[in-house]
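Model, not experiment: these values are computed from the prediction.
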Amino acid sequence: SRIFLAIWIASLVSNFGSLIQNVGATWLMTSLAPSADMVALVQVSTVLPIVLFSLPAGAAADVWDRRLIMLVAQGAMLAVSAALAVLTWLGQITPWLLILLTFLLGTGAALYGPAWQSSVREQVPRRELPAAVALNSVSFNLARAAGPALGGAIVAWAGAQMAFGINAVSYLGLIAVLLAWKRPASEARLPPETMVAAMLAGLRFARLSHSLQTVLVRAAAFGFFAAALWALIPLVARDLLSGGAITYGLLLAAFGGGAVGGALVGGKVRERFTSEMIVAGGSAAFAGAGLAVAFSPYLPITLAALVLGGAAWLLVLSTFNVTVQLRTPRWVVGRAMAIYQAGVFGGLSLGGWLWGVVAEHYGVPTSLMAASLALAVTALLGRILPMPATDQINVEPAASDLEGGSGRPSLDLDSGPVVASTEYRIAPRNVRAFLSAARRLQRMRRRNGARRWALLRDAADPEVWIERFETPTWLDHLRVRERMTVVDREVEDRILTYHQGEGPPFARYLLAHVPVAGGEDAPDVSDRRATVFDPSLPPALTAKPSA
């Protein structure tokens with residue numbers, strides 16, 4: 001996969017620059033405002049924008065050209081890094097200006113992340129997606145293994161401004177690769193959503209997707225408690241080990257080296273263990289690493305603990321990432337990755353600040369110990385929210401039936417509101433199984449955009465069941481159909497096995513309308529709030545329409 005290789009190499013260089021910049025910013029803060037909470041705020045300001053802006057960024061990745069979004073993000077981060085280098089070189093940098101500029105860098109990363117993550121599916125075949133995700137983690141952690149130590153040396157030799165300048169230059173290669181990438185043309189057959197509609201659709205999907213909710217809860221919990229070790233490493237170097245920038249770089253290098261080792265064995269680990277076992281075991285291992293760092297006064301022991309922590313970090317986060325990507329349909333994968341990243345980095349941001357405050361008042365060892373013990377307890381979350389499997393579901397798009405499918409009429413896209421109803425005939429012996437399948441159908445319809453879904457039974461003919469749902473416009477109805485995946489189609493097929501009427505279930509599509517001058521009816525364009533169905537009028541629901 002040539003484009004994947006090119007982006008991977010360019011990302012590796014960019015990751016080196018980012019980590020060198022991070023070392024420079026964090027170490028610079030220890031001299032500008034050497035308090036634990038201000039040092040932790042440097043890390044927080046980097047990840048907080050991901051929490052705040054991930055959803056709009058994810059919607060943009062699904063609606064617009066992902067390559068263009070990635071280019072804009074990289075260009076913006078180049079400009080901010082250059083400004084940071086110049087201001088530091090001129091001696092004009094202050095603690096809060098440093099926080100502001102690192103926040104802007106984090107904003108660029110928030111815009112870039114969902115577009116980059118969701119574009120991996122455009123660069124490699126689906127069967128290679130887990131390996132591609134792991135390789136992207138390897139890219140970052142190869143940089144983590146050497147970048148921080150190099151960053152520490154650069155800061156000690158030439159100051160933080162040099163680290164910032166190197167970061168600015170590191171974006172150029174990735175920008176060049178993205179400019180040369182011929183991204184596959186979009187296969188969308190409907191007009192793109194607006195940004196607001198796209199964000200609402202993403203939130204609705206997250207609310208109705210049990211798999212995504214499970215990953216969000218587990219990822220946020222892991223990030224919140226793991227943030228203590230992640231955010232307090234510079235204070236571990238300075239206070240617990242009495243070291244300087246080189247020691248700090250070595251600690252981050254050990255963490256990154258462990259993560260690379262975790263990526264190299266990740267494939268074999270995934271073959272032998274379930275996702276739940278990896279997440280639970282990785283959480284317990286990371287907690288053990290945090291405890292060891294809290295009590296160790298010796299550099300070799302701390303380095304060994306961070307190697308273990310880095311491996312656990314990589315295995316847990318890559319498992320979350322792969323699970324989201326393999327269980328999310330293409331139409332919403334950018335938003336799903338954005339929401340997932342918001343959950344992870346939300347936990348990291350809040351945890352980084354909180355554990356920094358705890359360290360400021362009670363000491364670094366106490367903060368690390370409390371967070372590690374709590375993280376060990378989260379390993380038991382699997383008893384309540386087990387990680388979903390990724391090999392038992394197919395979320396690839398189903399064959400499209402937008403044109404001439406299921407007897408749907410051809411209407412103006414702005415027509416609406418629209419009520420779609422499907423009439424089934426269900427034998428009494430199949431009612432229980434039918435209702436069980438209908439619950440899955442309801443969740444699927446609503447997740448794809450249907451509103452006011454209902455299942456009604458004819459009072460005069462108890463074997464007649466009617467599924468109905470509304471959409472604001474005919475375009476929205478077509479979106480519900482276009483978003484169907486292979487597993488969604490299986491849900492519909494399951495429902496059809498219980499239908500025993502003559503021919504297929506009868507489908508109808510009704511539009512709101514009002515009388516107009518001359519006694520004729522016309523589509524209602526003045527009041528889109530008109531109600532088509534009234535559940536209090538069952539005869540209107542069961543009557544067959546005329547030819």
Interatomic distance, CG@Leu55 vs CG@Leu203, rounded to 0.5 Å, equals 5.0 Å
query = Val80 versus Met77: any side-chain heavy-atom pair under 4.5 Å?
reply = no
With distance as the sole criterion, is a donor-acceptor pair present between the side chains of Ser275 and Thr319 under 3.5 Å? no
Sorted by chain and number, sequence neighbours left out, salt bridge (charged side-chain N to carboxylate O under 4.0 Å, His left out) with Arg270 holds for none
Residues at least two apart in sequence or cross-chain that pass side-chain contact (heavy atoms from CB on, under 4.5 Å) with Phe225, listed by chain then number, are Trp355, Ala374, Leu375, Thr378
Rounded to the nearest 0.5 Å, the OG1 atom of Thr214 sits from the CG atom of Leu381 at a distance of 10.5 Å
Residue set satisfying salt bridge (charged side-chain N to carboxylate O under 4.0 Å, His left out) with Arg67, at least two apart, ordered chain then number -> none
Contacts of Gln21 meeting side chain to side chain donor-acceptor pair (under 3.5 Å) (sequence neighbours excluded), chain-then-number -> none
With sequence neighbours left out, the residues meeting salt bridge (charged side-chain N to carboxylate O under 4.0 Å, His left out) with Asp62 are Arg66, Arg335
Can you confirm whether Ile20 sits close enough to Phe164 that some side-chain heavy atom of one is under 4.5 Å from a side-chain heavy atom of the other? no
Heavy-atom nearest pair, Val63 first then Ala198, reads CG2-CB, 3.6 Å
Give the C-alpha distance, both sets of side-chain angles, the deciding distance and a yes or no for side chain to side chain contact (heavy atoms under 4.5 Å, CB included) between Phe286 and Val316. CA-CA 10 Å; Phe286 196 94; Val316 172; over 6 Å; no
TODO: State whether the side chain of Thr366 and the backbone N or O of Tyr362 hold a donor-acceptor pair below 3.5 Å, judged by distance alone.
DONE: yes
Residue pairs passing the salt bridge (charged side-chain N to carboxylate O under 4.0 Å, His left out) test with at least one member in residues 206-221, sequence neighbours excluded, are Arg218-Glu276
**OP:** Verify, without hydrogens or angle tests, whether Ser296 (side chain) and Tyr298 (backbone) share a donor-acceptor contact under 3.5 angstrom.
**Re:** yes
Next item on the list: Show your working on side chain to side chain contact (heavy atoms under 4.5 Å, CB included) between Val177 and Ile3 and close with a plain yes or no.
Entry: CA-CA 8 Å; Val177 171; Ile3 185 60; 4.3 Å; yes
Applying side-chain contact (heavy atoms from CB on, under 4.5 Å) to Ala206 and not counting sequence neighbours gives Leu212, Ile339
Taken to the nearest 0.5 Å, the spacing of Tyr171 OH from Ser18 OG works out to 4.0 Å
Which of Leu317, Val215, Leu216 passes side chain to side chain contact (heavy atoms under 4.5 Å, CB included) with Val344? Answer is Leu317
Applying side-chain contact (heavy atoms from CB on, under 4.5 Å) to Met369 and not counting sequence neighbours gives Leu291, Phe295, Leu373
**Prompt:** If you measure only the distance, is there a donor-acceptor pair under 3.5 Å linking the side chains of Ser119 and Gln123?
**Reply:** yes
Sorted by chain and number, sequence neighbours left out, side chain to side chain donor-acceptor pair (under 3.5 Å) with Thr102 holds for Ser45
Review point. Any side-chain heavy atom of Met444 within less than 4.5 Å of one from Met484?
Key: yes
Those residues at least two apart in sequence (or on a different chain) that pass side chain to side chain donor-acceptor pair (under 3.5 Å) with Ser211 are Arg327
What one should report as the nearest heavy-atom pair of Ala336 and Thr328 is CB-CG2, 3.5 Å
Shortest non-hydrogen pair, Pro114 vs Ala57, comes out as CG-CB, 4.0 Å
_side chain to side chain contact (heavy atoms under 4.5 Å, CB included) between Val364 and Leu240, intermediate numbers included_ = CA-CA 8 Å; Val364 174; Leu240 301 189; 4.0 Å; yes
Determine whether Arg440 and Arg494 make a side-chain contact, defined as any pair of heavy atoms from C-beta on separated by less than 4.5 Å.
-> no
The side chain to side chain donor-acceptor pair (under 3.5 Å) partners of Asp488 (sequence neighbours excluded) come to Arg447, Asn448, Thr485
Between Phe320 and Val279, is there a side-chain heavy-atom distance shorter than 4.5 Å? yes
So, Trp116 side chain and Met70 main chain: donor-acceptor pair closer than 3.5 Å or not? no
Nearest heavy-atom approach of Gly262 to Leu314 is C-CD1, 3.6 Å
**Report entry** pair Arg204-Arg446: side-chain heavy atoms closer than 4.5 Å
**Finding:** no
*Give a yes or no answer on whether the side chain of Ser367 reaches the backbone of Gly363 with a donor-acceptor pair at less than 3.5 Å.*
no
The reported gap from CG in Leu299 to OG in Ser242 (rounded to nearest 0.5 angstrom) is 11.0 Å
- Message: Does the plane of the ring in Trp313 sit parallel, tilted or perpendicular to the ring in Phe222? Use 30° and 60° as the thresholds.
- Response: tilted
Does a sphere of radius 6.0 Å around CH2 in Trp64 hold more than 12 heavy atoms from other residues, nucleotides or ligands, not counting ones at 6.0 Å or beyond?
no
Residue set satisfying salt bridge (charged side-chain N to carboxylate O under 4.0 Å, His left out) with Asp239, at least two apart, ordered chain then number -> none
Between Leu98 and Leu84, is any pair of side-chain heavy atoms under 4.5 Å apart? yes
Value for CD (Gln74) from CD1 (Ile175), rounded to nearest 0.5 Å, stands at 6.0 Å
Query raised in the report: Would you say the side chain of Arg479 lies within less than 4.5 Å of the side chain of Glu193, judging by non-hydrogen atoms?
Result: yes
On a heavy-atom basis, the closest approach of Ala305 and Ala292 is CB-CB, 3.7 Å
Taking every heavy atom of Ile69 against every heavy atom of Ala115, the minimum-distance pair comes out as CG2-CB, 4.0 Å
So CZ of Arg330 and CD of Gln325: to nearest 0.5 Å the spacing works out to 12.0 Å
message = Please evaluate residues Phe103 and Leu52 with respect to the criterion side chain to side chain contact (heavy atoms under 4.5 Å, CB included), reporting the C-alpha separation (whole Å), side-chain torsions for both, the decisive distance (0.1 Å), and the verdict.
response = CA-CA 11 Å; Phe103 180 86; Leu52 299 177; 4.1 Å; yes
